Amino acid sequence: MSVQLVWFKRDLRLHDHTPLTRAARTGPVVGLFVFEPSIVQAADYDAQHLVFVRECLTELRTRLRRRGGELLVRVGECPDVLEQVCHELRATAIWAHEETGNARTYARDRRVRAWARTRGIPLHEVPQGGVVRRLATRDGWAEHWESVVRAPVANPPSRFAPLPWSDAPDTAPASGEVPTADALRVRCAAGRAHDTPGGERAARALLRTFLYERGEQYRREMSSPVSAFRACSRISPHLAFGTLSGRQAWQAAQQRLSEVSGPLDRDERWRASITSFVARLAWREHFMQKLESEPAIEHRNFSSVYDDLRPAVADPERLEAWLHGRTGYPLVDACMRALRAQGWLNFRMRAMLVSFASYHLWLPWQQTAVALAPHFLDYEPGIHYSQFQMQSGTTGINSIRIYNPYKQALEHDPAGHFVRAWVPELRAVPTDFLHAPHDMPPLVASMAGVRIGRDYPLPIVEHTAAYREAKARIFAARETAAARADAARVYRQHGSRKDPLHRRR
């Protein structure tokens with residue numbers, strides 16, 4: 001039986017891995033993961049991603065070996081590495097998931113497909129989740145997604161076919177060590193200390209604690225940075241790197257929903273929270289489908305009407321102040337510092353960060369998106385760029401949301417717990433002035449031991465003026481006839497037709 005090579009990318013799991021399951025039906029299975037310098041040394045990749053992937057690969061290798069398979073780790077560029085490995089193993093087929101990645105992985109996959117055709121090696125690419133390659137229309141997509149998540153989970157056999165070298169271990173190919181960030185020359189952001197372990201087992205445990213312990217108040221607490229770090233599922237890094245599939249998360253949530261069908265208030269809270277969670281699983285792939293359907297939105301506006309709206313090059317002082325949490329807006333700065341330190345932030349606060357950069361600071365989203373990508377442990381290109389454009393007002397079809405950082409602070413951190421935790425220079429500031437410390441009278445500032453403008457910066461822009469100017473600019477562009485015509489085109493290609501969660505109401 002010929003060796004079947006399973007090429008792992010953003011799908012670092014054993015269960016619900018259709019290419020792996022199908023390969024195992026055909027012959028002995030050898031997995032392959034390739035660290036490609038052109039990808040891991042790019043601006044949107046960080047050492048925290050590598051640490052997470054290393055943990056995932058260590059567990060994946062162990063699990064494959066228990067079933068009689070193997071996982072090879074190599075460093076190099078594809079398709080060159082695939083050529084070498086296929087020759088070494090005499091592999092007769094390659095199995096992989098389709099990947100919705102950035103421009104580099106998109107170009108890489110095209111090169112691999114061309115190479116496989118030239119060599120006459122079958123390359124079996126299988127859709128991952130509900131994202132559809134070469135989607136003709138969004139009509140019916142929601143129903144398709146629901147059919148995918150309802151389908152049975154694809155599990156591998158408990159034992160693979162014997163590898164050709166099973167009886168002669170000395171002839172086995174070198175499995176390869178998982179390289180370090182230094183060896184790969186991967187960039188490292190300072191202060192990284194995320195607490196999300198990698199691997200399939202950790203993913204399942206995290207999902208379970210959310211569905212059975214932490215998630216009861218999810219709907220009510222997910223918007224505040226004070227409560228969201230515990231109340232949210234925190235499985236997004238596992239979805240991003242594929243240690244957990246969207247289908248597995250959806251089916252686990254449905255199972256939990258069936259268990260909280262009673263009349264108690266607590267049951268009602270659980271139902272509301274899990275229902276909200278399920279909706280976000282659907283929206284996750286809805287946004288990923290946008291990048292799959294139009295890869296150019298990683299760099300180009302959804303609507304060309306907004307091409308000249310913002311400067312092509314960001315103001316360097318504003319960009320640096322925003323990226324390092326020194327804008328003079330305490331909640332904005334606290335969110336950025338928390339993100340840089342922990343690799344995660346809840347959705348509303350992410351949206352506020354992007355809104356502040358795109359509207360108050362009038363920075364081009366193309367630069368802020370790349371600058372922020374390495375700080376998200378759960379960086380997923382399909383969501384990242386779609387959301388950056390949505391929060392920057394360049395899709396043409398979404399509502400314009402310009403977040404007021406003062407209002408957000410009063411609503412989601414009224415006592416200042418989050419700000420004080422991440423902006424320690426303001427800890428002694430009275431709560432009445434904490435979210436606008438530049439308004440403190442001199443005596444109050446002196447008693448707090450902080451001088452605004454020296455210990456903590458003055459606001460980088462004046463909120464009311466920046467808000468009004470941004471609103472005037474964005475709506476002037478949005479209300480033109482050209483903008484309305486382009487919005488119709490964008491909606492035809494990317495607009496949501498149905499919400500699969502609520503369609504039966």
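Everything numeric in this text was worked out from a predicted model, so none of it was measured. FYI, side chains are in, hydrogens and waters are out, and symmetry mates aren't considered; it's all heavy atoms of this structure.
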Show, in sequence, the C-alpha distance, side-chain angles and deciding distance for R340 and L323, and conclude whether the side-chain contact (heavy atoms from CB on, under 4.5 Å) test is met. CA-CA 9 Å; R340 291 174 65 94; L323 192 57; 3.7 Å; yes
When you measure from the side chain of H375 to the backbone N and O of L372, does any donor-acceptor pair fall under 3.5 Å? no
Could you tell me whether a side-chain N or O of R247 sits under 3.5 Å from a main-chain N or O of G129, the two making a donor and an acceptor? no
Is the count of non-hydrogen atoms from other residues, nucleotides or ligands lying under 6.0 Å from R65 atom CZ greater than 12? yes
Can a donor-acceptor pair be found, under 3.5 Å and without considering hydrogens, that links the side chain of E298 to the backbone of G101? no
For R138 and G495, indicate whether the former's side chain and the latter's backbone hold a donor-acceptor pair under 3.5 Å. no
Test of understanding: with side-chain contact (heavy atoms from CB on, under 4.5 Å), list the residues that count as partners of A409, not counting sequence neighbours. L331, H435
If only side-chain N and O atoms count, and only distance matters, is there a donor-acceptor pair under 3.5 Å linking Q389 with T394? yes
Looking at every heavy atom in both Q217 and S273, which two are closest together, and how far apart are they? C-OG, 3.8 Å
Let's go through R104 and E36 carefully: what are the C-alpha distance in whole Å and the side-chain angles of both, what is the deciding distance for salt bridge (charged side-chain N to carboxylate O under 4.0 Å, His left out) to 0.1 Å, and is it a yes or a no? CA-CA 10 Å; R104 290 179 181 83; E36 299 172 85; over 6 Å; no
Kindly indicate whether the side chain of M222, heavy atoms from C-beta on, has any atom under 4.5 Å from the side chain of R280. yes
Can a donor-acceptor pair be found between the side chains of T431 and R420 at a distance below 3.5 Å? yes
Should we say atom NE2 of H124 is surrounded by more than 12 heavy atoms from elsewhere, each under 6.0 Å from it? yes
Do any N or O atoms from the side chain of D267 and from the backbone of V260 form a donor-acceptor pair under 3.5 angstrom? no
Is it true that atom CZ of R133 has more than 12 heavy atoms of other residues, nucleotides or ligands lying nearer than 6.0 Å? yes
Between R204 and E200, does any NZ, NE, NH1 or NH2 come within less than 4.0 Å of an OD or OE carboxylate oxygen? yes
Spatial distance of atom CG (L82) from atom CZ (R111) [nearest 0.5 Å]: 11.0 Å
Going by the ring pair (Phe, Tyr, Trp, His ring centres under 6.0 Å) test, name the single residue among F229, F376, F52 that passes it with W344. F229
Kindly say whether F418 contributes a backbone atom to a donor-acceptor pair with the side chain of D413 at under 3.5 angstrom? yes
Kindly assign one of parallel, tilted or perpendicular to the pair H286 and W283, based on the angle between their ring planes and the thresholds 30° and 60°. perpendicular
Centre of Y491's six-membered ring, under 6.0 Å away, within 45 degrees of the axis: is that where NZ or CZ of R497 sits? yes
Side-chain heavy-atom pair F277, L207 within 4.5 angstrom cut-off: yes
Quick one, L135 and E292 - any side-chain contact, counting heavy atoms below 4.5 Å? no
To the nearest 0.5 angstrom, please state how far the CD1 atom of I94 sits from the CD atom of Q4. 10.0 Å
Could you tell me whether the side chains of R350 and H384 share a donor-acceptor contact shorter than 3.5 Å? no
Around R489, counting heavy atoms of other residues, nucleotides and ligands shown, do more than 12 lie under 6.0 Å from its CZ? yes
May I ask you to decide if S496's main-chain N or O and W141's side chain share a donor-acceptor pair within less than 3.5 Å? no
Parallel, tilted or perpendicular: which fits the ring planes of Y218 and F210, with parallel below 30° and perpendicular above 60°? perpendicular
Can you tell whether the side chains of R284 and E380 come within less than 4.0 Å, N to carboxylate O? yes
Do any N or O atoms from the side chain of D16 and from the backbone of S245 form a donor-acceptor pair under 3.5 angstrom? no
I'd like to check V178 versus F33 (side-chain heavy atoms, cut-off strictly below 4.5 Å). Are they in contact? no
Salt bridge check, R300 against E294: does any charged N sit closer than 4.0 Å to a carboxylate O? yes
Is it true that the side chains of H15 and Q248 contain a donor and an acceptor less than 3.5 Å apart? no
Under a 3.5 Å distance rule, please check whether H144 uses its side chain to pair with a backbone N or O of D139 as donor and acceptor. no
From CA spacing to verdict: ring-ring contact (aromatic ring centres under 6.0 Å, His included), F8, H17: CA-CA 10 Å; F8 288 94; H17 194 295; 5.0 Å; yes
Between Y385 and F287, is the gap from one ring center to the other below 6.0 Å? no
Can you confirm whether Y45 sits close enough to L50 that some side-chain heavy atom of one is under 4.5 Å from a side-chain heavy atom of the other? yes
Less than 4.5 Å apart, side chain to side chain, heavy atoms only: is that true for P405 and Q408? no
Just so I know, are the side chains of L377 and Q342 near enough to count as touching, which here means a heavy-atom distance under 4.5 Å? no
What's the shortest heavy-atom distance between I400 and R478, and which atoms? CD1-NH1, 3.5 Å
Quick test of your reading of the model: are R108 and E99 salt-bridged, counting only N-O distances below 4.0 Å? yes
Would you mind reporting whether L14 and L20 have side-chain heavy atoms less than 4.5 Å apart? yes
Interatomic spacing from CZ in R348 to OG in S224 - rounded to 0.5 Å: 10.5 Å
Just by distance, no angles: are the side chains of Q251 and Q255 close enough, under 3.5 Å, to form a donor-acceptor pair? no
Is it true that Q289 and S293 share a donor-acceptor pair across their side chains at a distance under 3.5 Å? yes
